[in-house]
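Following: one structure in structure tokens, then a few remarks.
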Amino acid sequence: MLAKTFVPHEVEEAIYARWENSGAFAADPASGKKPFTIMIPPPNVTGSLHMGHALTFTLQDVLIRWRRMQGRDALWQPGTDHAGIATQMVVERLLAAEGLSREQLGREAFLARVWQWKEQSGGEITRQLRRLGASLDWRRERFTLDPGLSAAVRRVFVTLAREGLIYRARRLVNWDPKLKTAISDLEVENREVKGHLWFIRYPLAGEAGRFIEVATTRPETMLGDVAIAVHPEDARYRALIGREAILPLVGRRIPVIADPFVDREKGTGAVKITPAHDFNDFAAADRYDQAHGTPLPRPSVIDREGRITLAELAGLSRDGEAAAWFDADFLASLEGMERFAARAAIVARLEERGLLVKVEDHLHTVPHGDRSGVPIEPLLTWQWFADAKVLAAPAEAAVREGRTRFVPQMWENTFFAWMRDIQPWCISRQLWWGHRIPAWYGPDGQVFVAESEEEARALARTAYGEEVALRQDEDVLDTWFSSALWPFSTLGWPDETPELARYYPTDVLVTGFDIIFFWVARMMMMGLHFMKDVPFRDVYIHGLVRDERGQKMSKTKGNVIDPLAIIEEFGADALRFTICAAAGPGRDIKLSRARIESQRPFITKLWNAARFCEMNGIRGETAPPAAASHPLSLWILAAAGRAIAAANAALEAYRFDEYALACHHFLWDVFCDWFLEFLKSPLTREAPEAAELRRVAGYVLGVVLRLLHPVIPFVTENLWGHFGFGAEGTLIRAPWPEPAAPAGAEAAYGAVEGVIRLIGEIRSVRAALNVPPAARPTLRILPGADAEGGFLGMIGTLEEQILRLAQLGTIERVQPGAALPGVRLELGGVAFGLDVAGLIDVAAETGRLRESARKLAREAEKLADKLARPDFRARAPAEVVAETEARLADLRREQQAIETSLVQLAALAG
RNA sequence: GGGCGGUUAGCUCAGCGGUAGAGCAUCUCGCUUACACCGAGGGGGUCGGCGGUUCGAAUCCGUCACCGCCCA
């Protein structure tokens, strides 16, 4: 016997273990089945399950389970990425608690420590994904630092380097002074901050007492100024172009240059140029250098920890007049000072010297490191870059040609926009945890890129003609570099494995729009370059999970909902069903406890429907009875067929919400509300058709379980085993249902739907007229000339059901011409009289009828007007005209019926 | 400043050229032998504003407003 209530946490873990241990999640490369593959976007090894994960993995699991049941060889590839910065930060924090730094420990020992952490605490999320029910093929779990995946990284790096698509260069990069590493453009977050605009006077050379005034948001960088730029057509400054100003404090002469990119409206229209600490200034210096013979210097005045450094100013010239503005002692005092402290010191000093004109409040965007949260310092450093532009072109073409399809399609725009303006990708990181860059340097700095040290040594021997000492590059690669290879590195590449041949390209990538660039774009680039084919056919982009007010969930805001707590309380199925039902196309999902609570009863409903079946001797049937002929059998089989078709159409289109809705509607509004209710009378009295109806019910219950299994796998699996549809834990492998449509099913469907409408009408009348619940009035039936035969017959067949569900005493057929006392109804060409004389308030009923007569009249008038317009008849399609006419005719009939009823009521009253 | 998305019942959202829908909430009635996490019935919307296209617009086009996101 099924328990009175379903208690998810009592069964979920056992069911999951059974699936996992029985190999139900395992892909089978040797099978003859058509593969269906999804690569999990590997979560961060330091991560733990949050609602965003719950969303993305629920949707992926729905797709995987559905396709697996359809008989596909499903591969859902699990794993985690090594998350260079995040993991290093975690372990450094642990060390700090012991009073240690990674530098004290040394690289080798530190890495050993990280591995130790990874083995013990890493990958917590893979355990949590099991709680969610995710049917990942765990035996194939990968980690981006696995030997195989690392070999793939080296192969890709070396290949691209030899093709000239990876190169080393000294460039301005986004430097994170807290983490002391370069980061890519994508890891920079532009935040709007309230800052200031400082207006500073720079003395003009050769004209004592005259100045040029500049405005800046970063006065501390003035130490590294090499020019002042004005717009070439700015009348205020035209005369100054080509002359020189004096950089105060530093005491250097710098030119006033013209650059059309200067915004004349902003500040004073004159800007200081600091090429070593600003991307725009760097570009301006480049432009200047190309137009002039003598290049501008590019002194760095801030170091890797964000402190002032004066070393690079030392070599720069300083002559007599400028030297007068040289502030030697003050300058020396800045050495090693933190950049924001230096800002304050410099502003104060400028003010003392009468060079600070004013300070204005200023709202501007400042780049911050997305991990560290500190302002980025643009810094000139040696880094490795990937030529993203060249790699992007085939990826862009693949989407343009439809070889990879975005769902919803609008995300293509985002993808194209980024691809069009793509910048060189800085792939080196000044970290220890990650793939060490496979490049070695000779004594003279010559670089040897190779997959192994031996290979590099061989290259060096050839180059130098002798054995020399080599030093490997200290840096590691961006984590996303290895993630970009995931769709093929996990399948064994660069080896030509059977898996690689079979599962690449994958079918669909499911992810959020926030990582289209990190993931989708980079996997496309690498996949196309190395596999010569796209990594996935479809990219399904879902929204972000937000709280009930539409705010992003974050720990600092304290508005996070912990999926594990929800699973503990309501069960994984309730969470999954809520998510699935809420996953409309291209929208963020507002999630709250209340929302999950409101969907949970659906699980309970399924449970109780199953209990009803069990109590009534219904057993699991995997096939519909071959000779099913009772109209209720035919009707429910037809309805199930519609539900199956709706679910398939929804899932094919990635419409998870419609899939959930179709299942919900079929189970609740059709199977429970009508089918099971219809069954009560014949089963209770053991009618002749009871045996057939039991078998059909057992079969349709199985259809429901199979249809719902992808989204609510635990409760369905539990019931599957309980009813003996198959062995315990085998629903996951059961065949996806096919519509079963015996002869006559559609006709029966229409007739039974008519009976359902009739019962609904009677219930409405009863409620509207306050007929006492215990009253059992008589229903009289008077078939009209155009009565639908099937419907009329069905009223006879389902008489006991109608009596029960409409709470009637008897049903009588009357002869034409007979009166129909009471309330008159008109349906399917049949007139019905509900004899409620004496049970109702005649005046109230008269009022009700008049009101509905008014409504009908309004509607009929609208349709009549429409039909009266010649344009409508001439231009609208014939079927629309016919439909409108039919609707009007229906309305007229209803109006007639009400008129008749009113006359009868008047007689009753009189 | 440029781009994208949104604005439909009290709330959350479908619908995207031919009768305005769902879930939740609300109101009335009901412990009818699966389920009160239930059953039955009801109320509630000039589909953000304006203009246009069309026989017909929530749906297509233009424009404005407000909200959100991305990029400068």
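In what follows, chains carry the letters A, B, and so on, assigned in the order in which the sequence lines appear, proteins first and then strands, with residues in each chain numbered from 1.
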If you check the [X] side chain, which of [options] turns out closest?
{"X": "A/Cys672", "options": "B/rU19, B/rC37, B/rA34", "value": "B/rA34"}
{"X": "A/Glu677", "options": "B/rC55, B/rC35, B/rU12", "value": "B/rC35"}
{"X": "A/Lys590", "options": "B/rU12, B/rC24, B/rC69", "value": "B/rU12"}
{"X": "A/Asn413", "options": "B/rC37, B/rC4, B/rC69", "value": "B/rC4"}

*Pair A/Glu569 + A/Arg600: basic N to acidic O under 4.0 Å*: no
*Residues A/Lys590 and A/Asp588 bridged, charged N to O under 4.0 Å*: no
*Considering only atom P, compute the distance from B/rG18 to B/rC47 and round it to an integer number of Å.*
16 Å
*Euclidean distance for P, B/rC55 against B/rC38 (whole angstrom)*: 50 Å
*What one-letter contact string describes nucleotides 40-46 of chain B from 5' to 3', where B marks a base within less than 4.0 Å of any protein heavy atom, S marks contact via sugar-phosphate atoms alone, and - marks no contact?*
SSSS---
*Taking Watson-Crick and G-U wobble pairs with both distances under 3.5 Å, convert RNA chain B into its dot-bracket string, 5' to 3', dots for unpaired and | for cross-strand pairs.*
((((((((.[[[[.)..(..]]]].(((((.......))))).....[[[[[..)....]]]]]))))))).
*For A/Arg619, which residues count as a side chain to side chain donor-acceptor pair (under 3.5 Å) partner, sequence neighbours excluded?*
none
[X] side chain near [Y] side chain, heavy-atom distance below 4.5 Å:
{"X": "A/Asn616", "Y": "A/Leu679", "result": "no"}
{"X": "A/Ile636", "Y": "A/Val670", "result": "yes"}
{"X": "A/Leu186", "Y": "A/Arg522", "result": "yes"}

*asked:* Can you confirm whether the side chains of A/Glu761 and A/Ser764 place a donor and an acceptor under 3.5 Å from each other?
replied: no
*Under 4.0 Å between a side-chain N or O of A/Lys4 and OP1 or OP2 of B/rC35?*
yes
*Does A/Arg595 put a side-chain nitrogen or oxygen below 4.0 Å from OP1 or OP2 of B/rC11?*
no
*For RNA chain B, whose closest nucleotide is more 5', that of A/Pro773 or that of A/Arg600?*
A/Pro773
*Take A/Thr365 and A/Leu676, find for each the nucleotide of RNA chain B with the closest heavy atom, and name the residue whose nucleotide sits nearer the 5' end.*
A/Leu676
_For the CZ atom on A/Arg850, are there more than 12 heavy atoms of other groups (residues, nucleotides or ligands in this structure) within a distance under 6.0 Å?_
no
*Begin with the C-alpha distance, continue with both residues' side-chain angles, and end with the deciding distance and a verdict on ring pair (Phe, Tyr, Trp, His ring centres under 6.0 Å) for A/Phe6 and A/Trp607.*
CA-CA 7 Å; A/Phe6 174 57; A/Trp607 184 258; 4.9 Å; yes
*Between B/rC69 atom P and A/Glu189 atom CD, what is the distance in whole Å?*
12 Å
